[in-house]
Amino acid sequence: MATREATDDLSVVVLASDLCVDARSLLSPSERRLAEEESGEATWQWHDCMEEDFSDLEQLQFLRLEGSDKAGNRILRIVGKFFPAPVVTVERLKRYVTQKINMDLAEGPFCIVYMHSKVQSGDNNPGMSVLRWIYEDLPSHFKDRLKIVYFLHPGIRSRLAIATLGRWFLSGGLYWKIKYVSRIEYLWEDIRKGQVEIPEIVSEHDEVLEHRPLTDYGIEPDTLHFSEVPTIRHAQDRYGDKWSRDFM
């Protein structure tokens with residue numbers, strides 16, 4: 001559990017030993033720029049990425065512009081499973097997100113449809129602190145234009161992480177903009193069909209959840225049917241009389 005104590009002159013952050021975060025994400029944008037200047041690192045500006053080539057990331061299709069939700073917000077679709085977290089640096093991801101929003105969503109309100117289906121922590125998830133860092137460094141008018149985040153297939157771990165640490169790690173309005181959507185069918189309450197493409201891997205995961213609802217709560221199905229195998233004691237009681245008659 002994370003706690004924070006602050007005075008006018010001192011701010012102390014205490015984290016659990018197994019909570020892995022990038023310490024820079026805990027700083028405010030102004031504090032982070034000051035730290036970069038003191039360490040001699042170049043301060044990144046959002047417009048520095050406008051000429052950078054992100055064609056390799058574009059081919060992955062983990063971040064793309066779609067239609068609009070029923071409120072008229074343009075949809076920025078994010079497929080978590082398509083994101084290669086181990087090979088994309090946080091800095092490059094931040095520049096790519098900024099360029100994408102600036103070029104494809106230059107004006108008007110927008111929303112995010114984030115598909116968490118089959119996301120693996122080490123392979124596809126950059127971490128809550130990284131998402132906070134990226135969000136904090138976006139220009140203020142970008143953050144104001146983001147109206148809602150539809151979180152599809154959140155899972156019990158994501159719900160617990162956001163519920164316990166979200167208010168602290170996810171700044172201001174971002175935490176309150178998240179709307180959990182447990183099934184694709186519930187997504188159509190806010191978005192008309194055809195306005196956002198659902199990848200096959202997401203549809204398949206939705207089918208699994210529909211037939212195995214306990215998977216939502218981290219309880220894996222008994223695929224090998226171990227629950228149907230009788231115990232030794234049960235088997236002995238059931239067949240003991242038969243064995244005794246056969247061998248007498």
- If you measure from CG on Leu146 to CG on Leu174, what distance do you get to the nearest 0.5 Å? 7.0 Å
- Query: Counting only heavy atoms not in Glu200, do more than 12 fall under 6.0 Å of its CD?
  - Reply: no
- Item | Heavy-atom side-chain proximity of Leu57 to Leu63 below 4.5 angstrom | no
- Side-chain contact test, heavy atoms from C-beta onward, threshold under 4.5 Å: evaluate it for Pro154 versus Arg159 and give yes or no. yes
- For the pair Arg74 (side chain) and Glu66 (backbone), establish whether a donor and an acceptor sit closer than 3.5 Å, ignoring hydrogens and angles. yes
- Are any non-hydrogen side-chain atoms of Met115 and Phe151 less than 4.5 angstrom apart? no
- Message: Is any side-chain heavy atom of Gln61 closer than 4.5 Å to one of Val79?
- Response: no
- Message: Can you confirm whether Val149 sits close enough to Cys111 that some side-chain heavy atom of one is under 4.5 Å from a side-chain heavy atom of the other?
- Response: no
- Message: Check Glu107 with Arg145, please: is the shortest side-chain N to carboxylate O separation under 4.0 Å?
- Response: no
- Quick one: are Gln120 and Lys81 in side-chain contact, heavy atoms under 4.5 Å? yes
- Message: Aromatic contact between Phe83 and Phe62, with the criterion being ring centroids under 6.0 Å apart: yes or no?
- Response: yes
- Message: Tell me if the centroids of the rings in Tyr135 and Phe142 come within less than 6.0 Å of each other.
- Response: no
- Message: Closer than 4.0 angstrom, basic N to acidic O: yes or no for Asp56 and Arg92?
- Response: yes
- Task: Applying side-chain hydrogen bond (donor to acceptor under 3.5 Å, both in side chains), name anything that partners Lys179, two or more places apart in sequence or on another chain.
- Result: Asp190
- Query: Is there a side-chain contact between Lys100 and Phe54, using heavy atoms and a 4.5 Å cut-off?
  - Reply: no
- Message: When you compare the side chain of Arg157 with that of Leu160, does any pair of heavy atoms fall below 4.5 Å?
- Response: no
